[in-house]
Protein chains: 2
Amino acid sequence: MSPRQADTRQRALDVALELFAEQGYEKTSLREIAERLDVTKAALYYHFASKEALLAGIIDSLVEPVDELVAWSQTQPRTTEFRLEYLRRLAELLQGPLSRWISFVQQNQPVLRDHTEAGQKMQSRLLLLCARIIEPEAALQDQLRSLLGLLAVYLGNLAPASAMLRSLGFEATPEELAVAAMDVARELVRIGPDQWS
Amino acid sequence: MSPRQADTRQRALDVALELFAEQGYEKTSLREIAERLDVTKAALYYHFASKEALLAGIIDSLVEPVDELVAWSQTQPRTTEFRLEYLRRLAELLQGPLSRWISFVQQNQPVLRDHTEAGQKMQSRLLLLCARIIEPEAALQDQLRSLLGLLAVYLGNLAPASAMLRSLGFEATPEELAVAAMDVARELVRIGPDQWS
DNA sequence: GTCTATAAGTAGATAGAC
DNA sequence: GTCTATCTACTTATAGAC
């Protein structure tokens, strides 16, 4: 396969993800996607049976890195040390592949909550991602603190979130923000006087 | 005016808000809104020049309680005590009028980020709401902690968020959750050894 | 694997009668 | 203030040639 004309299917997934994440699923038409790919709508229908199938394809590719993190987390004991490492790995993902994933989720709440099977898959992974930081035996307050620790990492490492923080008056570089967020997060996921560490 | 046939304009705003918050702006058609009102699309156009004007009308009505909270906050000194009271008032709003507002924002990120003037208004209020909890002179970590305190109140008091928490395994009634969230939030907005209190 | 052509439907919006 | 009827534009999706 020539490098230019390489795999229209894959290019379609990339372009569609970009547009869906930017302007939402409903607002993005197949015509628009096809134009960017420099093919016709009909060509698109050769690769995907429907717009929803295209959506499902995107979701499948996005879910992968999350599943890896969750799978790893399930082999670990639920100690404070584990939660700290979990946050470190999450921070890394948020700066990489998870970045597009989260934007996509945020911009497409309506479709994802729909009956669609793909949407359910997406939502379930998001819940799982949050659930792994929570220690079921801990006090309610400590469970909440852990979850907020995860949110801190999210705020500090996801590009749009950190841009919002700076627009809120945070005078810090993205790097400083990521470090500060991890500081705060560490404090939050530490439970009791070494009860579960 | 008869109570039944009362003000189609207001009823339209109510119905549209409900539908927009539930399934998103793009996915909701004027036909659907008109059907629920038991009038025709044309009648809708008598009251609103366009779909976007309808959106703007909704936003204006939603922005009001937020503006009140922000206005009050601007008369207050920026002490820890203020932030605690701010959170108490926010918690109240989240259980009342702000509830629909937040769902609406969450489900309509794409439209609200658009060029539309109404969308900008909405976003600016959301930022302002967050900004009032932040002490500009504080250390970056403490600023983040305050913001997370606000998020805790959000998680604990907004119905959909607290439903999500329970699906995450939090075994608590909505009331218990709200109390626990305020506990955690109090701890987070407290800055240093009474530096700004 | 990509094209042209087109079907079938719905969207937002308007004209003009009542 | 609400109606019927209609317009234009655009949507998802399909049929069939190359």
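Letters A, B, ... mirror the listed sequences (proteins, then strands); counts begin at 1. Below, all heavy atoms of this structure are taken into account, side chains as well, without hydrogens, waters or symmetry copies.
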Does a side-chain N or O from [X] land closer than 4.0 Å to OP1 or OP2 of [N], or not?
X: R31(B); N: dT10(C); value: no
X: T8(A); N: dT2(C); value: yes
X: T40(B); N: dT4(D); value: no

- prompt: Using the ring of each side chain (for Trp, its six-membered ring), is W72(B) parallel, tilted or perpendicular to F82(B), with breaks at 30° and 60°?
  reply: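 If you compare the ring of W72(B) with that of F82(B), the planes turn out tilted.
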Quickly work out the [X] [atom1] to [N] [atom2] distance and round it to whole Å.
X: E26(B); N: dT11(D); atom1: CD; atom2: P; result: 12 Å
X: E32(A); N: dA9(D); atom1: CD; atom2: P; result: 19 Å
X: K51(A); N: dT12(D); atom1: NZ; atom2: P; result: 5 Å
X: H47(A); N: dC3(C); atom1: NE2; atom2: P; result: 9 Å
X: I33(B); N: dT2(D); atom1: CD1; atom2: P; result: 15 Å
X: Y46(B); N: dG12(C); atom1: OH; atom2: P; result: 22 Å
X: K27(A); N: dA11(C); atom1: NZ; atom2: P; result: 17 Å
X: L30(B); N: dA11(C); atom1: CG; atom2: P; result: 9 Å

Any salt bridge linking [X] with [Y]? Criterion: basic side-chain nitrogen under 4.0 Å from a carboxylate oxygen.
X: R88(A); Y: E85(A); result: yes
X: R36(B); Y: E18(B); result: yes
X: D142(A); Y: R145(A); result: yes

field: Distance in Å, Y45(B) OH paired with T40(B) OG1, rounded so as to fall on 0.5 Å steps
entry: 11.5 Å
- prompt: Between R166(A) and E171(A), does a salt bridge (Lys or Arg N to Asp or Glu O under 4.0 Å) hold up when you go through it step by step?
  reply: CA-CA 6 Å; R166(A) 282 191 301 283; E171(A) 283 167 17; over 6 Å; no
Please write out the pairs of protein N or O atoms and N or O atoms of nucleotides 14-18 of chain D separated by less than 3.5 Å, giving the distance to one decimal.
none

- prompt: Heavy atoms under 4.0 Å, any strand shown: does S29(B) hit a base, just sugar-phosphate, or nothing?
  reply: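 Here S29(B) touches the backbone only, sparing every base.
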E32(B) and S29(B), any side-chain heavy atoms less than 4.5 Å apart: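 Yes. Closest side-chain heavy atoms under 4.5 Å.
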